[in-house]
Amino acid sequence: MSSTILFTTPPIATTNRSSLPPPSLAAATTTTKRHHPLPPDTLTLLIDKSKSVSQLLQIHASLIRHSLDQHPILNFKLQRSYSSLGLLNYSVLLFNRTHNPSVYFYTAIIHSHAVNSLHEQALEFYIQMLTHGVEPNEFTLSAVLKSCPLTPGQALHSQAVKFGFDSNTYVRTALLDVYARGGDVLSAQQLFDTMPEKSLVSLTAMITCYAKHGNVDSARLLFDGMVERDVVCWNVMIHGYTQHGRPNEALVLFRKMLTVKVKPNEVTLLSVLSACGQLGALESGKWVHSYIENNRIQVNVHLGTALIDMYSKCGSLDDARLVFDQIKDKDVVAWNSMIAGYAMHGFGQDALQLFNNMSPMRLHPTDITFIGILSACANAGLISEGWSFFHSMKDEYGIEPKIEHYGCMVNLLSRAGHLEEAYELVKKMKIDPDPVIWGTLLGACRLYGNIALGEEIVEFLVSQNLANSGTYILLSNIYAAAGNWDGVARVRSMMIDNGVQKEPGCSSIEVNNKVHEFLAGDLKHPKSNEIYMMLEEINGWLKAYGYTPQMDTVLQDIGHSEKQRSLEVHSEKLAIAFGLISTQPETTIKIVKNLRVLQFAFTSPIHPMYMGGEFQEI
DNA sequence: ATAGGGTTAG
């Protein structure tokens, strides 16, 4: 940065009319009609009211013409306006032409850089200030701490203590934020706990810190103890739930926010839409969409992308496309969401067509684009296209494939039965394969009855200590599919020996805008009794339809009592039963299981689509 | 005479 050099250049004399204004200012000067200086407070007002660059330039020119270009407040105001219009370089120029800038001006220029994440320059101005003997104050410290990284932040912390500003609420909050963003939760917490006065903002900063680092419950505890809450802290709390796989709690909190009449803004809606998508909660998602329309909130590219994502995850591709077509100035993120939406529901051709329309729009695909494209190829069984995209990623677009891209390719090859080729690719990878990749391969081994490869992979995983419950279950399923009951028994004893537990499945259903979640064998729902009565009824219907339950071979614990076994009910059965007792007959019931959307239309007492623990999608 | 500066979400 040249600011240091500029600053130490001998100041230009106030009366020196030949001092050149910034380049494009010369033109503006000629259009200035006023020849008599306005009083400073009128000019102050004029600057504040200026909304365009040209207006500002005219005023600036006028200041120079009337030798007011060293006026501290006018320059300060001008600087603010330049910065807020994004003309940071004009701000710096103005600053550098101002003799002996005051602590106010320093603070403002530091702040202007800090809000634009130019913390290095902000820090440079701060150091300049110290070397020029201008004393910082609380305002300066909080400005320079904004978006400051941990290492310089710690040094500034010492400065704050030295100057005695560290107990000031603003400085303390900014410091807390520095440690929070740097991942030092304990220091942040200590600063918070010893804070003389906890403001709404400092509480929000601490909640943000907890939420960001996964401690959502601590965040909630603080949140619940607040005496006043603004939209920001509601947003932080809702977003915390959304980001940490607790979308239902996000929606519950959102409804609470509405009942206490805090007006949601765009940030709120982005989190809420994400939660709806995670839950497959189409009713709620549509409600949010109409809320946006009813409140005349502009569907900008961010909201639009969130809507596309929500509709795609809820299975409403047509609605997603409608939103997509309506977004002006679509960025690559919006395109990526739409491509991923098509890919996730098997509309491979639509995804590829969208991809082909990107370059005419001068948009460059990103690594995320290729995740969409490769999974689209996988879903559509386009093997050679998949390979060609995989190669062009690096060769044509310079994007290095990540683990997810390998995962897509393994999925693509495995599904098509090219198991050896998939395994070769995994062995050739420069990155360590993740559990998803192994799961894909093992799943394909079951599907194609390739016991030998399945065993080889599991042996490898066990030897590398990479096996988890899913690994064993998949291997057992491979044996079971081939009728190899010895194998099944062997896996079961391996699981018992290694203390492996099955991870519970989780299903959810949305009824009257509320999402109800169920784990396998769940008894926690308030309507549990009715649900289990309904289940009994369903079992009766199933028997009448000639259905015999398929025993889950691995997970059946022989020692279990009959009563307990009856409680081991698949989570989706519970969600279905609840759906049946809470909706009108003939209603389409949509269940989301482990993030997959399943939809059923029940016509007769029980629809034959339901086939014991496995549902077929309509 | 007085005027002007700061912290939390995305």
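Proteins get letters first, then strands, A, B, ... in listed order; numbering begins at 1 in each.
Under a 4.0 Å N-O distance rule, the pair A:D367/A:K402 qualifies as a salt bridge.
Between A:Q189 and A:Y179, the side chains place no donor N or O within less than 3.5 Å of an acceptor N or O (distance only, hydrogens not considered). At a cut-off of 3.5 Å, with distance as the only test, no side-chain donor of A:S271 or A:S274 sits close to an acceptor on the other residue. With hydrogens and angles left out, the side-chain atoms of A:Y82 and A:H60 include a donor and acceptor closer than 3.5 Å.
Heavy atoms of A:V231 sit nowhere under 4.0 angstrom from any nucleic acid atom. Across all strands shown, A:S102 has heavy atoms under 4.0 Å from base atoms, whether or not it also approaches the sugar-phosphate. Across all strands, A:V267 comes closer than 4.0 Å to base atoms (heavy-atom distances). When heavy atoms are screened at a 4.0 angstrom cut-off, A:I73 is found touching base atoms of the nucleic acid.
Among A:D325, A:D318, A:D319, the single residue meeting the side chain to side chain donor-acceptor pair (under 3.5 Å) criterion with A:R321 is A:D325.
When DNA chain B is scanned 5' to 3' for any atom under 4.0 Å from a heavy atom of chain A, the first and last hits are B:dA3 to B:dG10.
At most 12 heavy atoms of other shown residues, nucleotides or ligands fall within 6.0 angstrom of atom CG in A:D329.
With hydrogens and angles ignored, the 3.5 Å screen pairs no side-chain donor or acceptor of A:T369 with any backbone N or O of A:N336.
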In residues 224-233 of chain A, what donor-acceptor pairs under 3.5 Å come from side-chain atoms, sequence neighbours left out?
| from | atom 1 | to | atom 2 | distance (Å) |
| --- | --- | --- | --- | --- |
| A:D224 | OD1 | A:R220 | NE | 2.9 |
| A:D224 | OD2 | A:R220 | NE | 3.2 |
| A:R229 | NE | A:F223 | O | 3.0 |
| A:R229 | NH2 | A:F223 | O | 3.2 |
| A:R229 | NH2 | A:D224 | O | 3.3 |
| A:D230 | OD1 | A:V232 | N | 3.3 |
| A:D230 | OD1 | A:C233 | N | 3.1 |

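Contact check of residues 159-198 of chain A against DNA chain B (heavy atom, cut-off under 4.0 Å) returns A:N168, A:Y170, A:T173, A:D177.
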